[in-house]
**Q** 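My questions all concern the structure below.
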Amino acid sequence: MTVLVFGSINADFILAVDRLPGPGETVVAPTYRFLPGGKGANQAVAAARAGAKVKFFGRIGEDAFGKVLREGLAAEGIDVGGVGSSREPTGAAFIAIDPAGENQILGALGANYAVRAADVPEAALGPGTTVVLEMEVPPGENAIMAARARKAGSRVLFNFAPAMPAPPSLFADVGFLVLNEHEAEALAKQMQMPERDPEPAAWALSRRFGNTVVVTLGADGAIAISPEAAWRIGALDVTVLDTVGAGDAFLGVFAASLDEGRDLPSSLRRASVAGAIACTMSGARDGLPIRALLDARENELAAARPL
Ligand code: RIB
């Protein structure tokens, strides 16, 4: 079993600000921190810490950030043989966080936009592989990757984040569509569907694409609607420091749990626990839990119940 992440790698620059800026406004922070990030890379680390064997396919720039970020993934035990380079600079995200933990992110995709489905050999796909996709690499390449992975018999998880226009075939080729409530609303609009609230949108999206739709709901946990069953999971009660990377923690642990053969309700519970733990630490990576912590805290959360 392997989790194959086809995704982004970013240098994150974190600024703790007194308040988030409005349009045209300058807000200064006393300093900033450079931390590893990128949705794909964070999800890969979350899956690896949860115990999965992880392979990463992505691109970095020919710069110092790229080198450090690639080494960071390798240090997590991730196979980085699929990390190529690009003449574009390594992707970056400028993240402002206010005292309440609210954030505002400006992303520069850079080398991530050079990621190509052709970089992934056919031999890496198959029934023993769980493929993870997100939206910080070209949507058209995601669509090619999803079609190939589905044909090869892989399980495919797609995190529709950040919400941007994407080919409709992409959604139909993935077994699991994972998104937050804002992304669910954006996708329903993109698909010209009338539903706006998370639960009706999840039902409608699942009917439209014939797959399992998971909508994360922050402190309210998550719902999962599949053609066969529907589930609701709560969330651990934690003190939130910042929510950056919480969605990535959820996705990576969800992928790792399905990959090791857990069923949907059990995978949802571990993913929700991971998402909450991620909120208790600053930055996207520091809060990603290791397997032992997931095992220790899983039972604090009531099992998923049918919707
Ligand atoms: O999901 C969090 C990630 O989104 C950050 O690490 C940042 O790189 C942005 O892309």
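Computed over heavy atoms, backbone and side chain alike; hydrogens, waters and symmetry mates excluded. Every number for a ligand or one of its atoms is a count from 1 in the order of the listing. Owing to the predicted nature of the structure, the values given are computational and were not obtained by experimental measurement.
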**Q** Going by the order shown, which atoms of ligand 1 are within less than 4.0 Å of some heavy atom of Gly37?
**A**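 Reading through ligand 1 atom by atom, the close ones are 6 (O), 8 (O).
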**Q** Quick test: of every protein heavy atom, which one is nearest to atom 3 (C) of ligand 1, and how far off is it to 0.1 Å?
**A**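 Protein heavy atom with the smallest distance to atom 3 (C) of ligand 1: Asn42 ND2, 3.7 Å.
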**Q** With salt bridge (Lys or Arg N to Asp or Glu O under 4.0 Å) as the test, would you mind laying out the steps for Asp79 and Lys53 before giving the verdict?
**A** CA-CA 8 Å; Asp79 177 344; Lys53 182 177 163 212; over 6 Å; no
**Q** Check this for me, if you would: do Glu76 and Arg49 make a salt bridge, where the nitrogen-to-carboxylate-oxygen distance has to be below 4.0 angstrom?
**A**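 Salt bridge: yes.
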**Q** Taking the basic N atoms (NZ, or NE/NH1/NH2) and the acidic carboxylate oxygens, is any pair closer than 4.0 Å for Asp173 and Arg148?
**A**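 No, Asp173 and Arg148 are not salt-bridged.
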**Q** At a 4.0 Å threshold, what atoms of ligand 1 neighbour a non-hydrogen atom of Ala284?
**A**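 Listed by number with element: 6 (O).
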**Q** By number and element, which atoms of ligand 1 are closer than 4.0 Å to a non-hydrogen atom of Ala93?
**A**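 Checking each atom against Ala93, I get 7 (C), 8 (O).
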**Q** Between Glu260 and Arg291, is the closest basic N to carboxylate O distance under 4.0 Å?
**A**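 Yes, this pair counts.
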**Q** Would you mind listing which atoms of ligand 1 come within a distance below 4.0 Å of any non-hydrogen atom of Asp248?
**A**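 So the answer, numbered in order with elements, is 1 (O), 2 (C), 3 (C).
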**Q** With a 3.5 Å cut-off and sequence neighbours excluded, list the donor-acceptor pairs that the side chains of residues 299-307 form with protein atoms.
**A**
from   : atom 1 : to     : atom 2 : distance (Å)
Glu300 : OE1    : Arg297 : NE     : 3.3
Glu300 : OE1    : Arg297 : NH2    : 3.0
Glu300 : OE2    : Arg297 : NE     : 3.1

**Q** Could you list the atoms of ligand 1 found under 4.0 angstrom from a heavy atom of Glu136?
**A**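 Those atoms are 4 (O), 9 (C), 10 (O).
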**Q** Would you mind checking which non-hydrogen protein atom is closest to atom 4 (O) of ligand 1, with the distance to 0.1 Å?
**A**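 For atom 4 (O) of ligand 1, the nearest protein heavy atom comes out as Lys39 NZ, 3.3 Å.
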**Q** Using heavy-atom distances only, which candidate in Asp12, Ile14, Val244, Ile105 approaches atom 7 (C) of ligand 1 most closely?
**A**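 Closest candidate by heavy-atom distance is Asp12.
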**Q** Distance from Arg208 atom CZ to Leu177 atom CG, nearest 0.5 Å?
**A**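 One gets 12.5 Å once the value is rounded to the nearest 0.5 Å.
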**Q** Taking distance alone, with N or O pairs closer than 3.5 Å, would you say Gly38 contacts ligand 1?
**A**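 Yes.
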**Q** Report, one line per pair, each donor and acceptor closer than 3.5 Å where one atom sits in a side chain of residues 197-206; sequence neighbours left out.
**A**
from   : atom 1 : to     : atom 2 : distance (Å)
Glu199 : OE1    : Arg232 : NH2    : 3.0
Ser206 : OG     : Asn211 : O      : 2.7
Ser206 : OG     : Ile225 : O      : 3.4

